[in-house]
Amino acid sequence: FVFTSIFVLMLMYMFNRIRLAIALVKESSVLLRTVPQLIVTPIIPVVMCALIFLYGMYVAAYLASSGDIEDGDLKWDKTLRYMMFFHGFTVLWALFFAEALHTTNMAGVVATYYWAKDKGSIHAPVMKSVYRNIRYHL
């Protein structure tokens, strides 16, 4: 009984937030009906991230095996350690950059939809967003 009462009080307290969330889901479904290309746009960044990750693992394995063997142990000199650090940083930067490009593209599409006076007359918002992203951010 106590947990049920707490749950009901929480629902009453969060009623406005729940209504806001429902309104956001409704507006998002209208956006997806207007711009169905948004459903397939995550495929490109996922492929980019997978390729970056595979490249990163390949080069990391190559770097890790590039040390010198001394007394049965693999030793890395200072330069190789810096190369490993730089490579790890660069791979992480590239992964997050690919993700940020996708996020910016999605935001551009949503902003184009949101600020359009006639929602039905939007033409190629995904490609326009990619163009703006490349033009102004790269």
Side-chain angles (χ1 to χ4, degrees):
F1 179 74
V2 173
F3 291 116
T4 305
S5 300
I6 292 172
F7 184 69
V8 169
L9 288 173
M10 284 177 55
L11 281 177
M12 288 172 44
Y13 176 73
M14 298 184 76
F15 185 70
N16 288 334
R17 290 184 184 259
I18 292 171
R19 283 194 337 193
L20 176 65
I22 290 170
L24 286 173
V25 168
K26 285 181 181 178
E27 191 66 27
S28 298
S29 65
V30 172
L31 171 68
L32 285 176
R33 276 193 300 257
T34 306
V35 188
Q37 299 89 359
L38 279 180
I39 295 172
V40 295
T41 55
I43 293 172
I44 295 170
V46 166
V47 170
M48 282 175 48
C49 287
L51 291 175
I52 292 168
F53 181 76
L54 289 174
Y55 167 77
M57 289 298 107
Y58 177 76
V59 173
Y62 184 75
L63 285 173
S65 65
S66 295
D68 295 325
I69 297 177
E70 296 175 5
D71 299 329
D73 288 334
L74 187 62
K75 303 287 183 182
W76 298 313
D77 62 346
K78 191 174 185 179
T79 305
L80 188 57
R81 287 180 191 268
Y82 283 134
M83 288 173 63
M84 289 177 180
F85 175 76
F86 178 75
H87 173 68
F89 174 79
T90 306
V91 167
L92 285 176
W93 184 89
L95 285 171
F96 288 123
F97 184 75
E99 181 184 348
L101 281 177
H102 173 65
T103 302
T104 309
N105 286 337
M106 295 286 278
V109 172
V110 172
T112 300
Y113 169 80
Y114 182 79
W115 293 106
K117 289 183 178 23
D118 183 20
K119 308 277 192 219
S121 68
I122 299 173
H123 179 68
V126 174
M127 292 308 296
K128 287 181 181 178
S129 178
V130 169
Y131 171 74
R132 281 191 308 267
N133 200 5
I134 290 171
R135 182 173 178 195
Y136 295 115
H137 299 294
L138 293 184

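In this chain, residues are counted from 1 in sequence order. In what follows, every heavy atom counts, from backbone to side chain, and hydrogens, waters and symmetry copies are set aside.
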Linking I/L/V/M/F/W/Y whenever their side-chain heavy atoms sit closer than 4.5 Å, directly or via other members, would [X] and [Y] fall into one cluster?
X    : Y    : answer
V2   : M10  : yes
I44  : M106 : no
L101 : V46  : no

**OP:** Count the heavy atoms of every other residue, nucleotide or ligand shown that sit under 6.0 Å from CE of M83, and state whether that count exceeds 12.
**Re:** no
Show the atom names and distances, to 0.1 Å, of all donor-acceptor pairs under 3.5 Å that link a side chain in residues 33-42 to residues at least two apart or in another chain.
residue: T34; atom: OG1; partner: V30; partner atom: O; Å: 2.9
residue: T41; atom: OG1; partner: L38; partner atom: O; Å: 3.0

Identify every side-chain donor-acceptor pair in residues 12-24 under 3.5 Å, counting partners at least two apart or on other chains, and give the distances.
none

Of V110, V130, V109, the one forming a side-chain contact (heavy atoms from CB on, under 4.5 Å) with P125 is V109
Enumerate donor-acceptor pairs with a distance under 3.5 Å from any side-chain N or O in residues 47-62 to protein atoms, sequence neighbours excluded.
none

So the ring pair (Phe, Tyr, Trp, His ring centres under 6.0 Å) pairs with at least one residue in residues 85-104 (sequence neighbours excluded) are W93-F97
Which pairs of donor and acceptor atoms, one on a side chain in residues 117-124, lie under 3.5 Å apart (sequence neighbours left out)?
residue: K119; atom: NZ; partner: Y113; partner atom: O; Å: 3.0
residue: K119; atom: NZ; partner: Y114; partner atom: O; Å: 3.0
residue: K119; atom: NZ; partner: A116; partner atom: O; Å: 3.4
residue: S121; atom: OG; partner: D118; partner atom: O; Å: 2.9

Counting only pairs under 3.5 Å, give me each side-chain donor-acceptor contact of residues 68-78, with atom names and distances, residues two or more places apart or in other chains.
residue: W76; atom: NE1; partner: A64; partner atom: O; Å: 3.0
residue: D77; atom: OD1; partner: L80; partner atom: N; Å: 3.1

On a heavy-atom basis, the closest approach of N133 and T104 is OD1-CG2, 3.5 Å
